[in-house]
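Read the numbers this way: they start at 1 and go in the same order the structure lists the ligands and their atoms.
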Amino acid sequence: MTHQERTSNIRKEINQVYKQLKRSYPIFNYQNTLGLIIFLLSICIIAVVSYCWYKGYINTWLMIVVNAFFMGVLHELEHDLIHWLYFKSNRVMHHFMLLSVWLLRPLTVNPWIRRTLHLHHHKYSGTLHDVEERSVTNGEKWTLKRLLTTADVVLGGLLRLGVMYKDMDKEVKAGRLKLDISNRLKKIMFLSIVPLTIVSHIILYLFFGNLLLDLLHKFFGTNLVFPAYLKDILVHLNFLIYTILLPNLVRQFSLHFITSNMHYFGDVEDGNVIEQTQVLTSWWTFPFQFFCFFFGWTHSIHHFVVNETFYVRHIGRKKAQNILKKYGVRFNDLGTFKRANRFHQTP
Ligand SMILES: [Zn+2]
Ligand SMILES: [Zn+2]
């Protein structure tokens, strides 16, 4: 069987699973309502938990874990919104939801720009110009630098920009990428982090910089500390840093760690969806999966059947995974960590 035939069979069989699921549970047909309920419920839980932490009713770690989990749910909602799965004909509602999930996950790129980057990812997953995945370290050798820049789309992104631009020029020369698409991608990659993403990252750099200098001062008697006015700003931002930015840092590291290692890069056969991803369910990835709504378990399924909501994909995952396995999609290929995410062998 060719890879096209296998892909087409996978699509047919998974769509059948979803149809059957919706026949058994007709509630899944109320897609907009369900999306809105999940959206409101997640935001309410984040608000109540943050308030309880502020009042001292619950401890910091519990608040960060709960908030990070529900921000992971909001990330799935954003991804569904990017594919126009909620309120397609009610644009005000649609864009209101998109704006809200960005404000609550301000370390991520602008979702309206991400839509272009993400649809490009679906078309060209694993190529040198799959900028969405490359922006989160996909395809890089595993080093301390990759570990430190996994969550960071600003400094990490700037460090990667030169190589990515060069690779895109190469692709244009080789005729694999149109010049106007390349120019557009280059421009929007930078615009996508202006201004919310950059500002949120800078606040975190200051927070950790201050923490580090204070620790050095306390334990080694160093004299270098932040000036009083900067410390003052950080005190004012304390609630935002703890309830929004730190949970998002945990969530973003987890998501980027999982996604950048379950997508293949660099030697994926043109248009071969089977080679684009693997299913990642290894036990030790569980803590990371928890903070990105089990992305590694289900994202492969999404590469075959794009227009389905995350909760239906999650509920139907066992049957869908069996179908993927039957047609040769890889599972738990941990060698990818040694091969810098190449499908075949180390570059
Ligand atoms: Zn998608
Ligand atoms: Zn993908």
Charged N-O contact under 4.0 Å between K231 and D214: yes

State whether R160 and D167 are salt-bridged, where the test is any N-O pair (Lys NZ or Arg NE/NH1/NH2 against Asp/Glu carboxylate O) under 4.0 Å. no

Ring center gap for [X] and [Y] short of 6.0 angstrom:
| X | Y | answer |
| --- | --- | --- |
| F294 | H314 | yes |
| H303 | H299 | yes |
| F295 | F257 | no |

Hey, could you give me the CG/CG distance between L81 and L98, rounded to the nearest 0.5 Å? 5.5 Å

One checks the Zn ion (ligand 2) and counts protein N, O or S atoms under 2.8 Å, reaching 4

Closest to the Zn ion (ligand 1), which N/O/S atom of H83 is it?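 This residue's closest N, O or S atom turns out to be NE2.
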
